[in-house]
Amino acid sequence: MESDWPFPEPALPRRAADPFIPAPGDAPPHATRLLDRVRDRARALHYSPHTERAYARWVRRFVVFHAKRHPAQMGAPEITCFLTDLAVRRRVSASTQTQALSALTFLYGEVLGQPLDPLDPVPRARRPFHLPQDLSRDEVRRILGHLSGSTWLMAALLYGSGLRLMECLRLRVMDLDLSQAQVHVRRGKGDKDRLTLLPRRLAPPLRAHLARVARQHELDLRQGAGSVDVPADVERRDPEAHCRPGWQWVFPGARIRRDSRTDRLCRPHAAPSLLQRAFHDAVLKAGLTRPATCHSLRHAFATHLLENGTDIRTIQELLGHEDLATTLIYARVARIGARRATSPLDLVP
């Protein structure tokens, strides 16, 4: 079951007197109706399902924090109080606080039709600067050596194509161009499309994998399923697109479910936890002492391209960064290996 929280809560006993931690079913009826309006508006604006769920969670937390008052009865002062509590008492990260503000701005501007007055100064959570957690080529090789099947293929795409985890899971069959060695990333971060590399050494295992996906899709169709979620504009042009082979997920999930939006039996893409758990186990088996996540493979893609002499502008396009400054961060990681500096202690006789 999906958690109500966008980040893990500390492992402390919950106190019934704490108004910030709602119990299941604690939201009042008007809040439930409000959340339906939030979801409907997000869908009308074609927000991603992830953003839709995150905004609904933040609206619920905001209502519960203020003793279940309706947001129409509140405004900028209550939002300032809520955001201050997040930074001071909850000590959330800067990105979490920004997401909460975005959700409440969406609530008042798009759902309630009440644009917010300028907010009073809010204590902002500090946004620390961290260099990307890079992996060496040997570490990548060791991690991949402890993966197999579809999880190995996913991880290989993260490293070989520079994909984000959700970009990999949302790949469609038509997005893989094996002949041109390209991956078409649809609606990536910022709702932008891009093209990136497809490692040629992955062509044979991908062909075998896609053949298994096609057989599974044919079986689903015979059982009255075989549908996937497709963009609204695509379905308007082609009402049968949801069951066509090209629109099927490259990495489909294990179970068939009924889509609440369309009421069709569909097979969603694989859950992120499938690769995250397998990757965590692979890191432990590989004997790595540094922390590493699936996203570390994307960082390694960028730094290793830089060390191989690929120009920074090309890497920016492959990663889908809007600002070149974001890509230049990888140069600070790659420069150490590229210059091969020698410690002065190694030069002492």
Side-chain angles (χ1 to χ4, degrees), residues 128-169 171 181-183 185 188-189 194-206 209 251 272-321 323-348:
F129 175 77
H130 297 295
L131 288 175
Q133 183 63 53
D134 189 28
L135 296 172
S136 68
R137 290 175 173 82
D138 180 65
E139 288 172 332
V140 172
R141 178 187 59 79
R142 286 154 53 192
I143 291 173
L144 293 179
H146 290 284
L147 295 170
S148 61
S150 61
T151 55
W152 176 87
L153 202 50
M154 292 178 196
L157 280 170
L158 297 187
Y159 175 62
S161 303
L163 301 180
R164 300 177 178 91
L165 174 57
M166 293 308 300
E167 290 174 347
C168 177
L169 296 177
L171 285 176
Q182 286 185 334
V183 179
V185 179
K189 189 173 183 179
R194 74 177 190 276
L195 293 175
T196 186
L197 308 174
L198 177 62
R200 295 190 180 277
R201 65 182 296 182
L202 291 184
L206 275 174
H209 175 79
F251 299 106
S273 57
L274 173 68
L275 179 57
Q276 289 168 335
R277 287 195 297 263
F279 188 86
H280 175 74
D281 293 342
V283 169
L284 295 179
K285 293 177 182 177
L288 270 66
T289 57
R290 296 184 298 152
T293 65
C294 297
H295 204 67
S296 302
L297 295 174
R298 174 174 159 90
H299 295 326
F301 167 84
T303 54
H304 295 170
L305 282 180
L306 274 172
E307 292 170 357
N308 290 340
T310 306
D311 68 274
I312 195 71
R313 288 287 185 181
T314 300
I315 297 175
Q316 178 190 9
E317 294 179 4
L318 296 175
L319 291 174
H321 287 161
D323 190 352
L324 182 62
T326 305
T327 314
L328 285 171
I329 295 175
Y330 294 103
R332 300 177 64 172
V333 179
R335 190 178 299 126
I336 298 174
R339 290 184 175 178
R340 294 182 173 83
T342 302
S343 170
L345 181 61
D346 293 330
L347 301 179
V348 174

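On a predicted model such as this, the values are computed, not experimentally measured, just so you know. Residues take their numbers from the sequence shown, with the count starting at 1.
Evaluated for a side chain to side chain contact (heavy atoms under 4.5 Å, CB included) with F301, the options L135, L163, V140, L319 yield exactly one hit, L319.
Looking at heavy atoms from C-beta onward, L274 lies out of side-chain contact with L169 at the 4.5 angstrom threshold. For the pair F279 and M154, the minimum side-chain heavy-atom distance is 4.5 Å or more. R142 has its side chain within reach of L288: a pair of non-hydrogen atoms, C-beta onward, lies under 4.5 Å apart. Considering only heavy atoms from C-beta on, R141 stays 4.5 Å or farther from Y159 through its side chain. Contact annotation: the side chain of T314 never approaches that of L305 to less than 4.5 Å [non-hydrogen atoms, C-beta and beyond].
Contact record, S136 with H304: C-CE1, 3.8 Å, taken as the closest heavy-atom pair. Of all heavy-atom pairs between A155 and L144, the closest is CB-CD2, 3.7 Å. When every heavy atom of P199 is checked against every heavy atom of S161, the shortest pair comes out as CD-OG, 3.5 Å. The two atoms that bring L158 and C168 nearest to each other are CD2-CB, 3.7 Å, heavy atoms only. Residues L165 and Q276 share a closest heavy-atom pair of CD2-NE2, 3.5 Å.
Taking CG of L202 as the reference point, atom CG of L157 lies at 5.5 Å (rounded to 0.5 Å). Here L318 contributes atom CG and T196 contributes atom OG1; the two are 4.5 Å apart, rounded to the nearest 0.5 Å. The line from CD of Q316 to CG of D311 is 10.0 Å long, rounded to the nearest 0.5 Å. The distance from the CG atom of L324 to the CD atom of E317 is 10.5 Å, given to the nearest 0.5 Å. Atom CD of residue E167 and atom CZ of residue R194 lie 4.0 Å apart, to the nearest 0.5 angstrom. With rounding to the nearest 0.5 angstrom, the CG atom of L153 is 4.5 Å from the CG atom of L206.
Residues that satisfy the ring pair (Phe, Tyr, Trp, His ring centres under 6.0 Å) test with H280, not counting sequence neighbours, are absent from this structure.
Relative orientation of the H209 and F251 rings is tilted, given thresholds of 30° and 60° on the angle between their planes.
For D281 and R277, the salt-bridge test fails: no basic side-chain N is under 4.0 Å from an acidic carboxylate O.
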